[in-house]
> 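One structure is given below, represented as structure tokens, and several questions about it will come after.
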Amino acid sequence: MAIEIYNTPTKKKQIFTPLNEGKIGMYVCGVTVYDMCHIGHARSMIIFDVIARFLRKKGFQLTYVRNFTDIDDKIINKANQEGKPFNEISELYIKEFYTDMETLKVKRADKEPKATEHITQIIDLVKTLIEKGLAYESSGSVYFDVSKFKGYGKLSSRKQEDMIAGARVDINEAKDDPLDFALWKISKPGEPWWESPWSKGRPGWHIECSAMSTHYLGPTLDIHGGGRDLIFPHHENEIAQSEGAYGKEFVRNWVHNGFVTIDNEKMSKSLGNFLTIRELTKEHHPETLRLFLLSSHYRSPIDFSKDAIHTARGSLLRFYETLDRVASAPKTAKEPRLKTLLNEFDEKFDAAMCDDFNTAKAIAHIHDLTTGINRTIDANPEIADDDIQSLNASISTISEILGILEEAPKKFIDAHKRSGLVEIGITDKEIKEMIGKRLEAKKAKDFKKADEIRNSLLAKGIALKDTPSGTVWEKV
RNA sequence: GGCGGCAUAGCCAAGUGGUAAGGCGACGGUCUGCAAAAUCGUUAUUCACCGGUUCAAAUCCGGUUGCCGCCUCCA
């Protein structure tokens with residue numbers, strides 16, 4: 001099935017065809033490493049992780065490049081505040097980034113270039129832009145002359161006149177025009193610097209992405225991604241730089257993800273609702289976070305709340321419980337009973353992913369599959385070996401693409417049960433004893449006592465379930 | 001002030017021309033000592049509002065209202 005992807009400048013879904021058949025070059029704007037990553041970063045990283053996984057699964061030879069901005073005003077500020085060299089800050093947060101990504105099961109990109117390691121390419125690109133008359137040097141800094149690039153604004157659907165009318169751009173005397181942006185910044189005393197033809201200085205923010213993407217993927221990228229907020233000015237400026245320098249279409253398909261809000265408010269440090277990945281992964285299973293973030297379409301905004309995460313956890317548990325039912329079903333059926341269901345699922349799941357990476361729809365199909373399996377087992381618990389194999393194949397596709405359902409069902413269910421027992425102030429052993437006492441009461445037909453025991457546990461957040469194979473408990 | 005996006009049930013959320021996916025919640029049935037889980041059924045004659053195009057509109061066009069984002073660092 002053909003893959004359709006929404007393209008930001010055309011505002012339409014279009015059939016995706018890479019420049020070179022079978023090969024895809026994808027560049028995603030990574031993070032500026034000056035602080036811990038938050039749930040918004042998690043969303044972006046997970047979405048592009050899923051896109052990369054899916055494209056590979058579809059058989060494309062993908063080269064995925066995701067950069068680190070490791071030199072920047074914010075990094076310098078932080079370094080000054082803490083009295084440390086800037087690279088100590090950037091290195092620390094790169095390390096923390098990797099820790100978080102590993103927890104979230106976000107795979108590494110093929111190339112993860114850092115701006116500071118590509119100063120040569122950056123300087124070459126700036127030189128080219130000056131030679132072409134698209135950039136000018138002023139007081140040791142170099143600026144891109146926006147008026148010389150006719151396509152400026154095509155990504156973000158803005159006209160240059162409108163932007164000037166906006167007049168909320170800062171006034172910098174070195175610039176010819178407020179819309180012009182820095183390619184190279186002369187360094188102030190005490191700031192880090194690199195030698196260049198213009199000054200001891202450092203690259204502007206936008207230039208690194210143009211320089212590094214071309215270095216690793218060539219002048220035309222099949223896919224370029226990042227958060228919505230990067231559309232303007234960052235990506236608009238990248239287009240100006242790259243198309244200005246190389247005269248070729250820079251990006252065939254722009255992909256931008258929506259924001260995460262918290263209880264319907266934008267995340268910000270001043271509001272104090274800044275949720276770091278580190279805090280979240282302490283409390284929630286990574287698959288719960290992934291499922292939550294993937295349960296809305298990537299372009300839509302998504303609101304983080306206790307309720308929403310609770311729902312995601314419930315869904316995940318439902319999936320695992322069904323898988324566990326299948327695993328513990330007698331393998332005595334002669335004929336496969338899940339085949340049609342699974343074939344249908346495989347097709348629909350693929351179709352959903354091909355449709356602009358519609359993970360929300362894909363997850364709905366997992367729910368349908370779960371219902372179908374439960375229904376089949378309810379009617380008759382026997383399962384054929386063939387069914388197990390087909391199901392495993394479908395589940396491993398889900399795992400490979402979405403990065404969920406990778407755990408052994410029993411293990412996941414048990415871990416879920418045990419999580420939070422400490423806070424409740426009860427041990428596994430104590431619960432088992434209570435269950436034993438209740439069983440005795442039940443045998444003696446003392447249902448009043450049995451119910452008392454069950455209710456007292458429920459009050460603590462432990463629910464009991466009587467199953468054919470005995471009583472089990474779980475955390476509410 | 002400029003530009004852009006969004007508005008689907010109690011809540012979350014798919015659906016971009018062919019007659020409203022999925023989840024949570026709620027209610028009723030099966031199962032159970034009773035529950036829980038699972039399952040079955042019910043839960044939007046209707047997609048913010050007003051016009052228009054069309055045989056046909058949640059989907060396209062125009063307008064109104066509301067919310068959000070970007071224009072300064074930002075996933």
> Would you classify A/R43 as touching base, sugar-phosphate or nothing, given that sugar-phosphate means primed atoms plus P, OP1 and OP2, and contacts are heavy atoms under 4.0 Å?
nothing
> Counting only Watson-Crick pairs (N1-N3 plus N6-O4 or O6-N4) and G-U wobbles (N1-O2, O6-N3), all under 3.5 Å, who is the partner of B/G25?
B/U43
> Among B/A37, B/C71, B/A38, which nucleotide has an atom closest to any side-chain atom of A/R158?
B/C71
> Examine B/C70: is either OP1 or OP2 under 4.0 Å from a nitrogen or oxygen in the side chain of A/K266? Give yes or no.
yes
> Heavy atoms under 4.0 Å, any strand shown: does A/G153 hit a base, just sugar-phosphate, or nothing?
nothing
> Nearest to the A/D378 side chain among B/A36, B/C73, B/A38, which nucleotide is it?
B/A38
> Would you say the side chains of A/S156 and A/R158 form a donor-acceptor pair under 3.5 Å?
yes
> Name all residues meeting the salt bridge (charged side-chain N to carboxylate O under 4.0 Å, His left out) criterion together with A/R337; count only those two or more places apart in sequence or in a different chain, and write none if there are none.
none
> Once side chain to side chain donor-acceptor pair (under 3.5 Å) is applied, do any residues pair with A/R375, and if so which ones, sequence neighbours excluded?
none
> With sequence neighbours excluded, what pairs up with A/K465 under the side chain to side chain donor-acceptor pair (under 3.5 Å) test?
none
> For B/A75, take OP1 and OP2 only and decide whether either is under 4.0 Å from a side-chain N or O of A/N257.
no
> Are A/H41 and A/F97 an aromatic pair by the rule of ring centers under 6.0 Å?
no
> If you measure from the C1' atom in B/G69 to the same atom in B/C55, how many Å do you get, rounded?
40 Å
> When we call it a touch if two heavy atoms are under 4.0 Å apart, what does A/V260 touch: a base, just sugar-phosphate, or nothing?
base
> Is there a side-chain polar atom (N or O) of A/S300 under 4.0 Å from OP1 or OP2 of B/A14?
yes
> Nearest whole angstrom, please: distance from the P of B/A13 to the CD1 of A/I309.
13 Å
> Just the atom pairs and distances: protein N or O near nucleotides 31-33 of chain B's N or O, under 3.5 Å.
residue, atom, partner, partner atom, Å
B/G33, O6, A/R438, NH2, 3.1
B/G33, N1, A/D451, OD1, 2.9
B/G33, N2, A/D451, OD1, 3.4
B/G33, N2, A/D451, OD2, 2.7

> Scan A/D72 against the nucleic acid and name what it touches under 4.0 Å (heavy atoms): base, sugar-phosphate only, or nothing.
nothing
> Hey, does A/H256 reach any base, or is it just sugar-phosphate, or nothing, if we go heavy atoms under 4.0 Å?
nothing
> When you check every protein heavy atom under 4.0 Å of nucleotides 16-29 of chain B, what one-letter string (B, S, -) results, 5' to 3'?
S----BSS------
> Using a heavy-atom distance cut-off of less than 4.0 Å, which residues of residues 223-238 of chain A contact RNA chain B?
A/G226, A/G227, A/D229, A/L230, A/F232
